[in-house]
Amino acid sequence: MRKFLLRVITQYLYLVILMLTMKNICYSAGFIESYKGIYGKEIVISATQLSLGKNLTLCDSLNILASNPAGVVGDRHANLLVETNFGSLLNKVSISEDRIGYYEETYSFTMGSLALAYYFNRQPFVFGLVYLPEYENNYNDGNINTTGSMYSINLPILFRLKQVNLGLAVKTLMGNLKSHNSKIELSGNSIIVGTKIDIGDVSLACAYHPEAELKITDERGTVKLPNKILFGVRYEFSDESKLYSEIKFYKFDSRTDFLFSLGAQMKIYDNVQLLLGYSYERNYYLETSVLPSLTCGIITEFFNKLQFSVATAYGKENYADPINSKRIYSMDYLLISMSITYKVF
């Protein structure tokens, strides 16, 4: 059984790596282009993160090494852990405007990420590697067709003390944007810092993402992504029940907006956990945009080695075009995500 399981995991990881090397066909509300920035809709891909209301600081997922490098929690008896994540989004867009009447468009996309963490025996250090889609885009507006994606490769290091974790991650951003028969390349680097403190049954976490400067291959030269500050708290009633709360602030020029999330995790059967969540997000660029979402998910574990989780989220966003206020966008998001974590040894 052990050899068979290892063979299955090896073949699965090979398939994951193959998929990650392929060009993703990805869709969302579209890159927002302004004199200051060029970026798409931000992605949450881990099923555990998604099901807890887009929690980015304290959930039991290796993906958070890319958002809070000190925030990994849970049972970490293995030396090497591997986590793969896939997501699929159905995005139905309704647009109304006096000039064009009313019409609908439906987009869908798939995406994948890969995270690894190596824990040293009897040492306070953890090293990791995270490949993560950050922003995805496919935008159609008459004769304008804009497509593109941006992803990051993160190299986190975690220093573990008795009750305090300190983390640092170096992030490299890469991507491209195609529009009007031209191709724009995106590249940049940033550093993320984070911490986690355990006080009895309560864990507190915070992380800081400084403003990232992107170099782009057009006349603008550089654009910027906003500062991000994250605060999270987790309360553990028992090994079977946990509550999560988080707030993330975006700072872009003189405007600050936020994402607030709540999550609950509880055991319902042996090796089966139910997760529920809610998130409320304001857009740091579009003043009239608000996106509330309801989320849920299930985690199952096999042989104390393999963990499988699946999650779904539904949200509805309405906002007016910042240039043409007569054009009203109404967007329904249905996101399904799947994660597999394996303790290699």
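Being a predicted model, the structure only gives us computed values, none of them experimental.
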salt_bridge(Glu281, Lys54) N-O dist < 4.0 Å: yes

Heavy-atom pair with the smallest gap, counting every atom of Asn227 and Pro210: OD1-C, 3.3 Å

Validation row: Leu168, Ile191 side chains within 4.5 angstrom (heavy atoms): yes

Gap between atom OH of Tyr208 and atom OG of Ser190 - 0.5 Å precision: 10.5 Å

Any pair counted as side-chain hydrogen bond (donor to acceptor under 3.5 Å, both in side chains), so long as it reaches residues 267-278, sequence neighbours left out: Gln265-Gln273

ILVMFWY cluster, Leu158 and Ile192 together (side-chain gap under 4.5 Å): no

Side chain to side chain contact (heavy atoms under 4.5 Å, CB included) between Asn165 and Thr195, intermediate numbers included: CA-CA 5 Å; Asn165 287 0; Thr195 186; 5.8 Å; no

Minimum-distance pair of heavy atoms, taken over all atoms of Leu62 and Ala117: CD2-CB, 3.9 Å

Closest non-hydrogen atom pair, His209 against Ala66: CE1-O, 4.0 Å

Same apolar cluster (I L V M F W Y, side chains within < 4.5 Å links), Leu243/Leu204: yes

Pair Phe237 + Tyr235: ring centers closer than 6.0 Å: yes

Under 3.5 Å: donor-acceptor pair, side chain of Asn55, backbone of Thr57: yes

Met174-Val170 co-clustered via ILVMFWY side chain contacts under 4.5 Å: no

Aromatic plane relationship, Phe127 with Phe120 - under 30° parallel, 30 to 60° tilted, over 60° perpendicular: perpendicular

Cationic N near anionic O, under 4.0 Å, Lys215 to Glu213: no

Tyr131 and Tyr151 aromatic ring geometry - parallel, tilted or perpendicular at 30°/60° bounds: tilted

Gap between atom NZ of Lys316 and atom OH of Tyr333 - 0.5 Å precision: 10.5 Å

Residue from Arg234, Glu236, Gln163 passing side-chain hydrogen bond (donor to acceptor under 3.5 Å, both in side chains) with Ser203: Arg234

Neighbour count >12 (heavy atoms, 6.0 Å) for atom CZ, Phe159: yes

ILVMFWY network linking Leu276 to Leu294, side-chain heavy atoms under 4.5 angstrom: no

Any side-chain donor near an acceptor of the partner, Glu246 and Ser261, under 3.5 Å: no

For Gly194 against Ala70, the heavy-atom pair lying closest together: O-CB, 3.5 Å

Polar side-chain atom of Ser46 near backbone of Asn63 as donor-acceptor pair, under 3.5 Å: no

Side-chain donor-acceptor contact under 3.5 Å, Thr48 with Asp60: no

Any Leu80 side-chain heavy atom under 4.5 Å of Tyr119 side chain: no

Smallest separation among heavy atoms of Ser67 and Gln49, with atom names: OG-NE2, 4.4 Å

Side-chain touch Pro133/Ser113, heavy atoms, less than 4.5 angstrom: yes

Within-4.5 Å side-chain heavy-atom neighbours: Ile64 and Cys59: yes

Separation of Leu186 CG from Asn176 CG (nearest 0.5 Å): 7.0 Å

Approximate separation, where rounding is to 0.5 Å, of Lys248 NZ and Phe231 CZ: 13.5 Å

CA sep, side-chain torsions, deciding dist, call: Leu129, Leu155, side chain to side chain contact (heavy atoms under 4.5 Å, CB included): CA-CA 5 Å; Leu129 171 67; Leu155 296 172; 3.6 Å; yes

Side-chain touch Cys296/Ser51, heavy atoms, less than 4.5 angstrom: no

Euclidean distance, Ile298 CD1 relative to Ile268 CD1, rounded to 0.5 Å: 5.5 Å

pair Ile229-Cys206: side-chain heavy atoms closer than 4.5 Å: no

Side-chain touch Lys228/Phe249, heavy atoms, less than 4.5 angstrom: no

Non-neighbouring partners of Glu83 that pass side-chain hydrogen bond (donor to acceptor under 3.5 Å, both in side chains), sequence neighbours left out: Ser61, Asn85, Thr341

Audit row: Lys242, Tyr244, side chain to side chain donor-acceptor pair (under 3.5 Å) steps and yes/no: CA-CA 7 Å; Lys242 303 178 182 69; Tyr244 298 81; 5.3 Å; no

Leu214 CG to Leu173 CG distance, which is reported to the nearest 0.5 Å: 6.0 Å

Leu262 to Ser245 - nearest heavy-atom pair and separation: CD2-OG, 3.6 Å

Stepwise side chain to side chain contact (heavy atoms under 4.5 Å, CB included) test for Ile340 and Leu306: CA-CA 7 Å; Ile340 295 177; Leu306 184 66; 3.7 Å; yes

Cluster check Ile247, Tyr280: I/L/V/M/F/W/Y, side chain < 4.5 angstrom: yes

Side-chain donor/acceptor of Thr312 to backbone N/O of Leu335, under 3.5 Å: yes

Any side-chain heavy-atom pair of Val233 and Val202 under 4.5 Å: yes

Criterion side chain to side chain contact (heavy atoms under 4.5 Å, CB included) on Leu114 and Val130, from CA distance to verdict: CA-CA 6 Å; Leu114 177 66; Val130 184; over 6 Å; no

